[in-house]
Amino acid sequence: MSNVVSESSERVRQLLNKVNEHVWAGRTDHTENRTSFRYHQVVELVNLEVISQSPNTCAIIGFESEEGVRRNKGQLGAAKAPDALRSELAKLPWKFPVNKRLVDVGNIQYMDTNLEKAQQQLGETIANALEKKMTPIILGGGHETAYGHYLGVRKSIGKEASLGIINIDAHFDLRSYDEQPSSGTMFKQILEHDNMSSYFVVGIQRYGNTQELFDTADRLGVKYEYEENMHIGNMDKLTSDLEQFINQHDYVFLTLCTDVLNSAFAPGVSAPSPFGLDPSVVRSIIRTVTTHKKTLSFDISEVNPVLDENNRTVKLGAYLTNEAITTFLGGEIHDASS
């Protein structure tokens with residue numbers, strides 16, 4: 001058993017590429033006054049294999065893959081998102097005391113067409129971070145990131161625990177994987193092989209999914225909410241539904257596909273939507289879900305810097321990721337004496 005674990009850890013270590021520290025750069029207002037610090041002043045670039053258990057810590061994991069998008073015949077460019085998101089996170093204020101940490105364990109680089117191997121390696125990395133009491137923050141990549149995310153959470157919690165998957169997305173991603181998995185098949189893969197997992201997707205576009213996909217969702221017992229019902233003045237019912245879903249499970253993870261956002265705010269995605277969600281709605285959902293102790297982790301996927309305009313989508317993606325980190329770490333500290 002120990003040899004298997006050692007070999008698995010060695011594969012992950014080899015695949016995790018240390019992030020160039022220059023990605024984490026930004027304005028420095030003060031070098032000692034912590035209330036003036038920004039992300040780039042507190043982030044720690046670490047080797048996950050040697051770090052000890054570290055509660056109150058968010059661990060950033062990059063997944064530089066867009067093979068699933070290519071297989072799904074989408075527009076490429078999402079593999080560049082992890083470092084682009086880091087560069088925008090770096091500039092944001094850090095509002096936590098010294099006992100709250102942010103570590104960056106590196107990027108899993110996708111080197112060939114073996115998507116399944118890359119997803120397994122992402123899963124091993126996530127499971128390792130969870131074992132060390134950290135909260136994984138995964139920066140995709142295409143939305144195939146979500147399957148690797150699932151593999152890591154399931155490995156960590158065991159086969160018998162019930163798992164709720166919450167996806168903020170315009171699409172079901174329940175396509176057939178008979179030929180090969182892609183960025184549009186992940187949740188069908190999960191639901192057909194794991195009867196201890198359930199799926200709730202919010203932001204569904206009526207005309208962004210075929211009738212076959214709606215039929216598949218109904219057959220698999222998927223819970224979903226239409227985009228047209230989701231606006232900032234009408235969040236009470238959705239919040240109640242999310243809380244009920246979370247309470248029905250032992251653990252939950254949250255995944256965000258940025259093509260759910262209105263293209264006026266997020267043009268840099270593979271499948272932009274003119275009828276997408278307002279960022280304030282997505283922010284509210286992230287806060288609601290990550291507040292719960294059952295929620296283990298968060299990923300953001302489908303940010304495409306190649307297609308972006310003036311870095312708008314990358315910056316929005318970083319702000320939404322910051323919302324997740326902030327809530328996971330217990331909210332902002334407003335008392336300067338803390």
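Start at 1 with the first residue, then count along the sequence.
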Which atom pairs, donor and acceptor, lie under 3.5 Å between side-chain atoms of residues 162-174 and protein residues at least two apart or in another chain?
residue: S162; atom: OG; partner: D250; partner atom: N; Å: 2.8
residue: S162; atom: OG; partner: D250; partner atom: OD2; Å: 3.2
residue: N167; atom: ND2; partner: D169; partner atom: OD2; Å: 3.1
residue: N167; atom: ND2; partner: Y199; partner atom: OH; Å: 3.0
residue: D169; atom: OD1; partner: H171; partner atom: N; Å: 3.0
residue: D169; atom: OD2; partner: H143; partner atom: ND1; Å: 3.4
residue: H171; atom: ND1; partner: D259; partner atom: OD2; Å: 3.2
residue: D173; atom: OD2; partner: H143; partner atom: ND1; Å: 3.1

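If you take CZ on F298 and NE2 on H149, they are separated by 9.5 Å, rounding to the nearest 0.5 Å. Annotation: the span from E124 atom CD to E131 atom CD amounts to 12.0 Å, rounded to 0.5 Å. Note that the OH atom of Y251 and the CG atom of L130 stand 10.0 Å from one another [nearest 0.5 Å].
Under the 3.5 Å distance criterion, with hydrogens and angles disregarded, a donor-acceptor pair is assigned to the side chains of N128 and E49.
Cation-pi geometry between R206 and Y226 is met: under 6.0 angstrom from the ring centre, within 45 degrees of the axis.
Screening residues 72-86 for salt bridge (Lys or Arg N to Asp or Glu O under 4.0 Å) gives D83-R86, R86-D104 as the qualifying pairs, with residues at least two apart or on separate chains.
A centroid separation of less than 6.0 Å is found between the aromatic rings of Y39 and W94.
E66 has no carboxylate O lying under 4.0 Å from a charged side-chain N of R70, or vice versa, which leaves the two without a salt bridge. One finds a salt bridge joining K237 and D241 here, because a Lys/Arg side-chain nitrogen approaches an Asp/Glu carboxylate oxygen to under 4.0 Å. Salt bridge present: D29 and R38 bring a charged side-chain N and a carboxylate O closer than 4.0 Å.
In N310, the CG atom is not crowded: 12 or fewer heavy atoms of neighbouring residues, nucleotides or ligands sit closer than 6.0 Å.
A search for salt bridge (charged side-chain N to carboxylate O under 4.0 Å, His left out) contacts involving E32 returns nothing, not counting sequence neighbours.
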